[in-house]
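Notes follow once the structure below has been shown.
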Amino acid sequence: MGQYMGLSISFDHSYLNLPDKMYQKVKPTPVESPQWVVFNQSLAKELELDDLSLGSDQGLELLAGNHIPDGCQSIAQAYAGHQFGHFTMLGDGRAILLGEQQTAKGGRCDIQLKGAGKTPYSRGGDGRATLGPMLREYLISEAMHALGVPTNRSLAVVMTGETVMREKPLPGAILTRVAVSHIRVGTFQYVRQYGTTDDLRILADYTIDRHFPEIKQQTNIYLEMFKQIVTRQAHLIVKWDLLGFVHGVMNTDNMTVSGETIDYGPCAFIDVYDPAIVFSSIDQHGRYAYNQQKRVAVWNLARLAEALLPLIEIESDDAIKDLEAILHKFSEDYQDAWSKGMRAKLGLFTQQAGDDKLIKDLLTLMTTFKADYTDTFRALTLSDFNSQQWFVLDDFKQWYHRWQERVQYQTQSLEQIKQHMKKHNPSVIPRNFRVEQALNAAVEEQDFLPFNKLLNVLLNPYAYTDEQKIYVELPPITGQAYRTYCGT
Ligand code: AMP
Ligand code: MG
C-alpha cells in the first residue's frame, strides 16, 4: 500500500515477477503545469480509486506523472510485433505502467499513463502525446465500452502545460489507460524471439493465471489458452463488424490476448456503408479495411501460434495440426456470432432458412445505394424512413416487404421485436464529423463543452432519447473521404 499525500493507492506489481527482459523500470518525466481535462468518475468508483477524483491536486499530480507514490515501481513493457506485416522490436515507447489496481471483488487492472515521457523503447520518439488524439482515445474507448464491446478504458486526460511538436506545435496531454492487462500477441512474439522456452512458459502461466484461471486443471493448458484467445478474438471482431467499427491498425502489437480492443489510433466508425472502406492515411493497400478485419485477426493469431509452438510441442505430438485446427474454428465462431448478431439487428429471435440471404441482400442494397450504416438499422428499428433517400426506392421497398413477412411470422409482439432491435442497434455512435467538431473545439479554442456533450450521449448509445436527436443526424456531404492518422 503506497501512501501519497492523502491518496491511498494500493497498486500491485505482479508483472515484475516475470523475467526482467520483459520490462524496464522507468519513471514518468514530470511535466510543467498539469491541468485536468476529463476524469471518469464512474470508472474510478468501479476501480475503487474514488479519491483520485477530479479537482484533487494529488490526483492531478499522479495522473500527470509528476509524483508517484512511494513503493510504486513503474515500468515500460517490452513487446515486438508485426506492423503491416513486418516484424519489429517495439515496447512501450510513451506509455508507463504505474501498477495494477486490485479491487475487493478480485479484479486486477493495469493503470497506465500514455504520453508520460521517454522510455528505453522510445526509438527516437519524444514519449509524449497531444490533446486531440488522447481525447479521441478517451471518447471512442468509453463509447465502445458503452456499446458493449470489450475494450481498454480511459480514466482521465490531463493537459501537461507543455507544447509537443508534431506537424505544428500542439498542447501536450496524458491519457490514463485502464486495461485488464496489456499482454499482446506481440508480447509473446517478443519472448519467442528474444527469450528462452522457460521465459515463454512463465509468460503463458502468468497469462493463464490472469485471464484464464479456469483452464488450469486441464491437461493441455497452453493449447487451451490459445483456443480461448482465438474464441475471444472472434467474438471481439464480430462486435466491431456489427457496429461498423474499423480499428485501422491491427498490427500484432495492437491485439491483446485478453480480448479487449486496444490502440485507438486511426480507428473510425463507418458512415456510408462500403465493405472495403479504409480510413487510415497510412493503410494504402487496405490491409486493415473493414472487410479484412476477420482475415487479419486470423493472420495475427497465426503469429501467436508460431510464438507458442515450443510450448505446444511439449503437449502435442502434432502441434502444428492442433494449432491449425483451433485457428480454423475462428471462421466458424465468427460466422455463427455474426449471423446471430445480424439477425438480432433485424429483430429476428431465431434462425430460419433464408435469413442469411435476407441479410446479404440488405447489405448489397446498402452498398449499391451508399446507405448510412448506423442510420439504416436505426430507421428499421423505429420504422421511420425519412432520413435517407434510398428508402423511397422500389429495391428497398421490395426488401422491406420480405423482411416484414419474416419478422411478423414470429410469436413475439411488435413491441417486443422493437425492443430487441433497440438493444442491438445503437441510436448514436461516435460519428466522425461530430468527433472532429468536438476535438477541434477542445484543441483550437479550449472549449470542452462539445466534447463533454458528445461523451454524455455516447455513454447511453442504445437509449433512443430526445436529447440524442442532433447526434443522430447524418454527416454533411463533403465529397471528401474521412482520413485518420495514427494517434500522435
Ligand atoms: P502504435 O502505432 O500506437 O501502436 O505505436 C507503435 C509504437 O510506437 C509503440 O511502441 C509506441 O510506444 C511507439 N510510439 C508511438 N508514438 C510515440 C512517441 N511519441 N514517442 C515514443 N514512442 C512512440
Ligand atoms: Mg500500439
Side-chain angles (χ1 to χ4, degrees), residues 22-24 26-29 31 65 74-97 110 112-138 140-141 144 151-152 154 157 160 162-179 181-190 193-194 246-258 260-268 278-284 287-288 296-297 300 303 483-488:
M22 302 285 306
Y23 56 84
Q24 298 260 3
V26 53
K27 299 250 178 281
T29 307
V31 299
S74 54
I75 59 169
Q77 293 178 328
Y79 52 87
H82 276 89
Q83 298 190 300
F84 290 90
H86 303 283
F87 186 77
T88 324
M89 172 60 206
L90 296 160
D92 291 329
R94 57 167 171 174
I96 294 178
L97 179 66
D110 281 3
Q112 191 196 61
L113 303 182
K114 184 167 171 180
K118 282 189 192 169
T119 78
Y121 310 113
S122 294
R123 298 179 302 156
D126 61 3
R128 291 300 185 192
T130 60
L131 182 61
M134 294 307 100
L135 283 177
R136 194 169 194 276
E137 170 152 355
Y138 187 107
I140 299 188
S141 64
M144 289 283 272
T151 176
N152 62 223
S154 296
V157 174
T160 59
E162 295 177 359
T163 299
V164 173
M165 267 318 284
R166 293 293 180 255
E167 272 167 13
K168 56 179 183 176
L170 290 166
I174 296 173
L175 172 89
T176 306
R177 180 156 78 176
V178 176
S181 85
H182 285 86
I183 306 168
R184 305 148 190 264
V185 167
T187 314
F188 279 92
Q189 289 182 288
Y190 167 78
Q193 184 77 14
Y194 301 105
V246 184
H247 181 283
V249 62
M250 289 176 69
N251 296 331
T252 55
D253 51 300
N254 293 335
M255 184 185 255
T256 61
V257 298
S258 67
E260 285 187 343
T261 310
I262 192 172
D263 214 303
Y264 289 93
C267 64
V278 173
F279 294 104
S280 170
S281 60
I282 57 168
D283 190 4
Q284 281 157 3
R287 181 181 173 92
Y288 301 139
V296 172
N300 288 349
R303 305 290 77 74
R483 279 278 155 266
T484 56
Y485 302 89
C486 272
T488 57

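Indexing begins at 1, ligand by ligand and atom by atom, following the structure's order. Bear in mind that the values here come from a model prediction, so they are computed numbers and not experimental data.
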Option with minimal heavy-atom separation from atom 13 (C) of ligand 1, where the choices are R128, R94, R123: R123
Ranking S122, G93, G117 by closest non-hydrogen atom to atom 11 (C) of ligand 1, top hit is G93
Using a 4.0 Å heavy-atom cut-off, say whether [X] meets ligand 1 through its side chain, its backbone, both or neither.
X	value
D253	side chain
Y79	side chain
Q83	side chain
N251	neither
R166	side chain

Examine all N, O or S atoms of D263, backbone included, and report whether one is under 2.8 Å from the Mg ion (ligand 2). yes
Checking only N/O/S atoms, does N251 have one that is under 2.8 Å from the Mg ion (ligand 2)? no
What atoms of ligand 1 come within less than 4.0 Å of a heavy atom belonging to [X]?
X	value
G127	18 (C), 19 (N), 20 (N), 21 (C)
N254	4 (O)
D92	12 (O)

Charged N to carboxylate O below 4.0 Å: is that the case for R303 and D253? no
Counting C-beta onward and ignoring hydrogens, is there a side-chain heavy-atom pair between R136 and T484 closer than 4.5 Å? yes
Any side-chain heavy-atom pair of T187 and M22 under 4.5 Å: yes
Does one side chain, of Y264 or S154, offer a donor that lies under 3.5 Å from an acceptor on the other? no
Residue pair T252 / Q189, side-chain donor-acceptor N/O under 3.5 Å: yes
One pair to check against ring-ring contact (aromatic ring centres under 6.0 Å, His included): F84 and Y288. What are the steps and the verdict? CA-CA 9 Å; F84 290 90; Y288 301 139; 4.9 Å; yes
Answer yes or no: does atom NZ of K114 have more than 12 heavy-atom neighbours from other residues, nucleotides or ligands under 6.0 Å? yes
Heteroatom distance test (G125, ligand 1): nitrogen or oxygen, under 3.5 angstrom: no
Under the 3.5 angstrom rule, does the side chain of D92 hit a backbone N or O of L97 as a donor-acceptor pair? no
Quick one: does G265 get a heavy atom under 4.0 Å from ligand 1? no
Applying side-chain contact (heavy atoms from CB on, under 4.5 Å), run through Q77 and D110 and close with a yes or a no. CA-CA 12 Å; Q77 293 178 328; D110 281 3; 4.2 Å; yes
